[in-house]
Amino acid sequence: GENVEQHPSTLSVQEGDSAVIKCTYSDSASNYFPWYKQELGKRPQLIIDIRSNVGEKKDQRIAVTLNKTAKHFSLHITETQPEDSAVYFCAASIHGATNKLIFGTGTLLAVQP
Amino acid sequence: NAGVTQTPKFRILKIGQSMTLQCTQDMNHNYMYWYRQDPGMGLKLIYYSVGAGITDKGEVPNGYNVSRSTTEDFPLRLELAAPSQTSVYFCASSPRTGITDTQYFGPGTRLTVL
């Protein structure tokens with residue numbers, strides 16, 4: 001079946017450093033790639049997303065890049081802050097339907113003050 | 001707007017019992033979803049619905065049933081609960097594709113089956 005692999009599973013950075021989380025997907029029909037942030041005990045919330053016709057998207061300190069040929073996409077967080085500490089999930093749409101998502105297994109990001 | 005709401009927040013079931021997890025959204029979204037999240041894992045899609053009266057299976061539908069009689073409500077039914085169904089269950093909704101694909105999640109239901 002289709003799957004999404006996410007690395008690393010845990011990431012510890014110093015405040016102010018950058019953090020990069022990488023995902024690869026298997027479905028060549030995937031065309032929508034969201035990233036969700038989940039704080040401890042809370043619900044997942046969308047932080048940024050990208051579609052297959054775009055190579056990069058930025059929103060303040062957060063950016064996502066997509067390489068369709070290699071089937072991988074990455075989340076970049078610059079100037080990390082303690083409130084960025086959370087679990088981050090990537091996801092990819094499957095079967096050409098943007099509303100049906102396969103999620104990665106998550107990355108626990110810890111930003112040390 | 002309350003967004004997506006779920007009840008109950010917590011529940012302990014005995015093996016073989018049944019229960020219904022409730023999910024309601026007040027955003028007039030067409031699409032609704034049920035996910036489960038096991039410790040240290042991502043979200044797995046159980047069932048989804050593209051509108052009232054239409055439901056379809058996701059990755060892990062076995063042991064669950066759903067119905068969608070209204071736009072607002074999407075209950076998830078567990079029949080004959082098993083320890084493997086111990087998990088956190090999230091309901092989500094999104095507007096019709098083409099407007100935005102953002103999925104909005106409810107606060108979750110933590111279910112333990114003993």
Side-chain angles (χ1 to χ4, degrees), chain A residues 1-10 21 23-27 29-54 57 59 64 75 86-109, chain B residues 2-7 9-10 21 23 25 27 29-51 54-62 68 74 87-110:
Chain A
E2 310 300 348
N3 74 305
V4 173
E5 293 188 1
Q6 182 172 347
H7 299 281
S9 56
T10 60
I21 303 170
C23 290
T24 59
Y25 61 97
S26 60
D27 184 359
S30 294
N31 56 9
Y32 173 64
F33 308 90
W35 286 87
Y36 283 81
K37 176 183 179 182
Q38 186 178 29
E39 296 176 358
L40 186 63
K42 301 287 182 66
R43 70 192 79 187
Q45 291 192 297
L46 181 78
I47 54 170
I48 195 167
D49 57 12
I50 192 168
R51 297 180 189 278
S52 57
N53 59 348
V54 175
K57 184 177 179 180
D59 183 3
V64 57
L75 178 71
V87 178
Y88 292 81
F89 293 97
C90 64
S93 64
I94 55 172
H95 308 155
T98 54
N99 63 307
K100 199 168 178 183
L101 301 176
I102 294 283
F103 281 80
T105 50
T107 295
L108 175 61
L109 173 63
Chain B
V4 180
T5 57
Q6 293 181 236
T7 56
K9 286 188 169 59
F10 305 93
L21 281 67
C23 175
Q25 53 92 9
M27 298 176 282
H29 286 171
N30 292 92
Y31 298 158
M32 295 188 75
Y33 316 83
W34 274 106
Y35 293 92
R36 60 176 287 172
Q37 184 176 34
D38 298 329
M41 301 295 289
L43 296 146
K44 299 281 189 186
L45 182 64
I46 305 171
Y47 271 95
Y48 68 101
S49 169
V50 300
I54 306 170
T55 63
D56 205 352
K57 296 177 180 178
E59 295 176 83
V60 290
N62 291 344
R68 183 100 182 266
F74 190 40
S87 191
V88 179
Y89 291 83
F90 287 100
C91 179
S93 71
S94 64
R96 186 192 304 275
T97 298
I99 301 174
T100 173
D101 294 296
T102 304
Q103 293 190 17
Y104 298 86
F105 285 80
T109 294
R110 185 175 295 274

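Computed from heavy atoms alone, side chains included, the values below leave out hydrogens, waters and symmetry copies. Numbered from 1 within each chain, the chains take letters A, B, ... in sequence-line order.
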For A:Gln45, which atoms come within 4.5 Å of any heavy atom of chain B: side chain, backbone, both, or neither?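 Neither; nothing under 4.5 Å.
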
Looking only at heavy atoms and a cut-off of under 4.5 Å, which of B:Gly58, B:Ala92, B:Gly108, B:Pro107 has the most pairs with chain A?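 Top count of heavy-atom pairs under 4.5 Å with chain A: B:Pro107.
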
With a 4.5 angstrom heavy-atom cut-off, is it the side chain or the backbone of B:Val4 that approaches chain A, or both, or neither?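 Looking at B:Val4, just its backbone touches chain A.
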
At a heavy-atom separation under 4.5 Å, does B:Leu43 approach chain A through its side chain, its backbone, both, or neither?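 Contact with chain A is through both the backbone and side chain of B:Leu43.
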
Given the options A:Gly106, A:Pro44, A:Gly104, which has more heavy-atom pairs under 4.5 Å with chain B than any of the others?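 That would be A:Pro44.
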
Taking all atoms of both residues into account, what is the closest heavy-atom pair of B:Gln37 and A:Phe89, and its distance?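 Heavy-atom minimum between the residues: NE2-CZ, 3.2 Å.
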
Please report the shortest heavy-atom distance between B:Gly106 and A:Arg43, naming the atom on each side.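 Closest approach of B:Gly106 to A:Arg43, heavy atoms only: O-CB, 3.1 Å.
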
When rounded to the nearest 0.5 angstrom, what distance separates CZ in A:Phe103 from OH in B:Tyr35?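 If I round to the nearest 0.5 Å, the distance is 4.5 Å.
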
Can A:Arg51 and B:Asp101 be said to form a salt bridge (charged side-chain N to carboxylate O under 4.0 Å, His left out), step by step? CA-CA 10 Å; A:Arg51 297 180 189 278; B:Asp101 294 296; 2.6 Å; yes

For residues B:Tyr48 and A:Leu101, determine if any side-chain heavy atom of one lies less than 4.5 Å from a side-chain heavy atom of the other.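 Result no, sub-4.5 Å side-chain heavy-atom pair not found.
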
Around B:Met27, counting heavy atoms of other residues, nucleotides and ligands shown, do more than 12 lie under 6.0 Å from its CE?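 Counting other residues, nucleotides and ligands, CE of B:Met27 exceeds 12 neighbours.
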
